[in-house]
Amino acid sequence: MTATLSEPAAVGEVPTFDVTLRIRRFTPETHGDEAYWQEFTIQAHGTDRLLDALHKAKWDVDGSLSFRRSCAHGVCGSDAMRINGRNRLACKTLLKDLDPEKPITVEPIKGLPVIKDLIVDMEPFFASYREIMPFLVSESQKPTKERLQSAEQRERFDDTTKCILCAACTSSCPVFWTDGQYFGPAAIVNAHRFIFDSRDDAGAQRLEILNDKEGVWRCRTIFNCTEACPRGIEVTKAIQEVKRAMVTRAY
Ligand code: SF4
Ligand code: F3S
Ligand code: FES
C-alpha cells in the first residue's frame, strides 16, 4: 500500500497526509506462534513522530496493537524499535524524516525474545546490566562533605552518563544477535561510567567481570551500536577504552 498526500488544508487547518505503517505483529493468543505483517493507514500531521502514528493506529484502528512507551520525550528509553531497518526511539523519529510517501516498516528490536508485537523481554539485557555493578562502590572512609571531582575527572566519563538503557545499541549488534550471551554494548557503557569515575573503587572488579569470554573481547568494532544510540554516546569508543584499561590497568 502506498501513502498519498491528502487534499490541501483549508486556511487555519493543520495539513495532514496519509501514512502507512507496516508493523510486524506477534499475537500468539489470536494468530498462533508465527509473526505476521499488518498495515495501518492513518492520517498524520507534518510534525508528527512515529510514536504519534503508533498511537493513532492503536487508538483509532486496533486497540490490540502493543508497544512500550512512557515519557514520549527521549528520556525513559522504553520505545526503542526497528524503524525502516534501523534501531531508533519512536518518540524521537519524525515521520517527515522517514519518507512517509512509502510504507514505514516497524519491528521489535532484535536479539531479545518477543512477548507481543513490538514488546520484547528486556530481562536478558538488564541481567547483563546488573552484572557489571552499575552503582558507585567506595571503600574509603565516608567523607564529611561531598566527594569533590575536578572538571577533568568528570569529563572522563561524562559521555557514558547519558545512557537511558533503551537497548538500541545492544540489539543492533550482530555479535549479540548470534547467541544473546555477549554482555553487549549497553552493559559495557555503564561499566565505563563507573570504571573511569575517580570516586569509585571497584574498577578492577568490573574489568574482571568484563574479561569474560562473553565480555568486551567479543566486540568486533562493528559500530552499529554507535550509529543506533539515540543519546549520541560514542559507544564503540567507550568499549575501546574499557579494552585498553583491561590491558594497561590504567583508568
Ligand atoms: Fe541506549 Fe545509547 Fe544507552 Fe545503548 S548506550 S542503551 S543506545 S542510550
Ligand atoms: Fe557490536 Fe558495537 Fe562492538 S555493534 S561488535 S558492540 S562496536
Ligand atoms: Fe520515553 Fe521514547 S517514550 S524515550
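Residue numbers count from 1 along this sequence. Note that these values count all heavy atoms, side chains included, but never hydrogens, waters or copies made by symmetry. For ligands, and for the atoms within them, numbers begin at 1 and follow the listed sequence.
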Asks: For atom 4 (S) of ligand 3, what is the closest protein heavy atom, and at what distance to 0.1 Å?
Replies: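 Nearest neighbour among protein heavy atoms for atom 4 (S) of ligand 3, to 0.1 Å: Gly77 N, 3.2 Å.
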Asks: Using a strict 4.0 Å cut-off to heavy atoms of Pro230, name the atoms of ligand 1 that fall inside it.
Replies: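 What qualifies from ligand 1 is 7 (S).
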Asks: Mark up the atoms of ligand 1 that fall under 4.0 Å of a heavy atom belonging to Ala186, in ascending order.
Replies: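 Result: 6 (S).
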Asks: Should we count NZ of Lys237 as having more than 12 external heavy atoms under 6.0 Å?
Replies: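 Check fails, neighbour count at 12 or below.
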Asks: Report the C-alpha separation of Ile188 and Tyr182 in whole Å, then their side-chain angles, then the decisive distance to 0.1 Å, and conclude whether the side-chain contact (heavy atoms from CB on, under 4.5 Å) test is met.
Replies: CA-CA 10 Å; Ile188 303 171; Tyr182 170 38; 3.6 Å; yes
Asks: Taking 4.0 angstrom as the limit and counting only heavy atoms of Gly74, give me the atoms of ligand 3 inside it, by number and element.
Replies: 4 (S)
Asks: Ligand 2 versus Thr221, non-hydrogen atoms closer than 4.0 Å: side chain, backbone, both, neither?
Replies: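 Contact part for Thr221 vs ligand 2: backbone (N, CA, C, O).
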Asks: Considering only protein heavy atoms, which is closest to atom 1 (Fe) of ligand 2, and at what distance to one decimal place?
Replies: Cys173 SG, 2.3 Å
Asks: Which one holds for Leu165 and ligand 1: side chain close, backbone close, both close, or neither close, with close meaning a heavy atom under 4.0 Å?
Replies: backbone
Asks: Keeping Arg231 on the side-chain end and Lys162 on the backbone end, is there a donor-acceptor pair under 3.5 Å?
Replies: yes
Asks: Quick check: does any side chain N or O of Trp177 sit under 3.5 Å from a backbone N or O of Ser171, one acting as donor and the other as acceptor?
Replies: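 Answer holds: yes.
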Asks: Taking only heavy atoms of Arg231, which atoms of ligand 1 are found under 4.0 Å from at least one of them?
Replies: 8 (S)
Asks: Output yes when a side-chain donor or acceptor of Lys58 lies under 3.5 Å from a complementary backbone atom of Leu65, and no otherwise.
Replies: yes
Asks: Hey, is atom 1 (Fe) of ligand 1 within less than 2.8 Å of some N/O/S atom on Cys169?
Replies: no
Asks: Would you name the heavy atoms of Leu112 and Phe125 that are closest together and state the gap between them?
Replies: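 Closest pair (atom of Leu112, atom of Phe125, distance): CD2-N, 4.2 Å.
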Asks: Is there an N/O/S atom in Cys169 that lies less than 2.8 Å from atom 1 (Fe) of ligand 2?
Replies: no
Asks: Using atom types as modelled and distance alone, determine if a side-chain donor or acceptor of Ser66 lies under 3.5 Å from a backbone N or O of Asp117.
Replies: no
Asks: Which option, Cys91, Cys76, Ala90, owns the non-hydrogen atom nearest atom 1 (Fe) of ligand 3?
Replies: Cys76
Asks: Which of the atoms of ligand 1 are close to Ala167, meaning less than 4.0 Å from one of its heavy atoms?
Replies: 1 (Fe), 6 (S)
Asks: What are the atoms of ligand 3, with element, lying closer than 4.0 Å to any heavy atom of Cys71?
Replies: 1 (Fe), 3 (S), 4 (S)
Asks: For Glu146, does the CD atom sit with more than 12 other heavy atoms under 6.0 Å from it, leaving out its own atoms?
Replies: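 No, not enclosed.
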Asks: Hey, is the main chain of Met133 close enough, under 3.5 Å, to the side chain of Arg206 for a donor-acceptor pair?
Replies: yes
Asks: Considering only non-hydrogen protein atoms, determine which one is nearest to atom 2 (Fe) of ligand 2 and report residue, atom name and distance to 0.1 Å.
Replies: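 Scanning the protein heavy atoms, the shortest distance from atom 2 (Fe) of ligand 2 goes to Cys225 SG, 2.3 Å.
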Asks: Are Phe194 and Ile209 co-members of a hydrophobic cluster defined by side-chain heavy atoms under 4.5 Å apart?
Replies: no
Asks: Below 2.8 Å, any N, O or S contact between Cys163 and atom 3 (Fe) of ligand 1?
Replies: yes
Asks: Considering only the protein, which heavy-atom contact is closest to atom 5 (S) of ligand 2, and what is its distance?
Replies: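 Here the nearest protein heavy atom works out to Arg220 N, 3.1 Å.
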Asks: Can you find a side-chain donor-acceptor pair between Asp212 and Trp217 that sits under 3.5 Å?
Replies: no
Asks: Within ligand 3, which atoms have a heavy atom of Ala72 less than 4.0 Å away?
Replies: 1 (Fe), 3 (S)
Asks: With a 6.0 Å cut-off (strictly less than), is the heavy-atom count around CD of Glu34, excluding the residue itself, greater than 12?
Replies: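 No, not enclosed.
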Asks: To check your reading of the model: name the closest protein heavy atom to atom 1 (Fe) of ligand 1, its residue, and the distance in Å.
Replies: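 Of every protein heavy atom, Cys166 SG, 2.4 Å lies nearest to atom 1 (Fe) of ligand 1.
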Asks: Which ligand 1 atoms does Ile164 reach within 4.0 Å, using its non-hydrogen atoms?
Replies: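 Heavy-atom distances to Ile164 below 4.0 Å select 3 (Fe), 8 (S).
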Asks: Taking it one step at a time, do Gln149 and Ser198 satisfy side-chain hydrogen bond (donor to acceptor under 3.5 Å, both in side chains)?
Replies: CA-CA 7 Å; Gln149 223 170 19; Ser198 59; 2.9 Å; yes
Asks: Indicate the atoms forming the closest heavy-atom contact of Val235 with Cys225, along with that distance.
Replies: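 Shortest heavy-atom separation between Val235 and Cys225 comes out as CG1-SG, 3.7 Å.
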Asks: Rounded to the nearest 0.5 Å, how far apart are CD of Gln240 and OG1 of Thr221?
Replies: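 Those atoms lie 4.5 Å apart.
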Asks: Could you see which bit of Val75 sits under 4.0 Å from ligand 3, with heavy atoms only: side chain, backbone, both or neither?
Replies: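 Just the backbone.
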Asks: Specify side chain, backbone, both or neither for Ile239, according to which of its non-hydrogen atoms lie closer than 4.0 Å to ligand 2.
Replies: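 Answer for Ile239: side chain.
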Asks: Please state which part of Ser70 comes within less than 4.0 Å of ligand 3, counting heavy atoms only: side chain, backbone, both or neither.
Replies: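 It is the backbone that gets close, since no side chain atom is under 4.0 Å.
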Asks: Among all protein heavy atoms in this structure, tell me which lies nearest to atom 3 (Fe) of ligand 2, with the distance rounded to 0.1 Å.
Replies: Cys219 SG, 2.4 Å
Asks: Nearest heavy atom to atom 6 (S) of ligand 2 wins, so pick from Phe223, Tyr182, Phe183, Phe176.
Replies: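 Shortest heavy-atom distance from atom 6 (S) of ligand 2: Tyr182.
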Asks: Just let me know how Pro185 lines up against ligand 1, side chain, backbone, both or neither, with a heavy-atom cut-off below 4.0 Å.
Replies: neither
Asks: Starting from atom 2 (Fe) of ligand 1, what is the nearest protein heavy atom, named by residue and atom, and what distance separates them?
Replies: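 Of every protein heavy atom, Cys229 SG, 2.3 Å lies nearest to atom 2 (Fe) of ligand 1.
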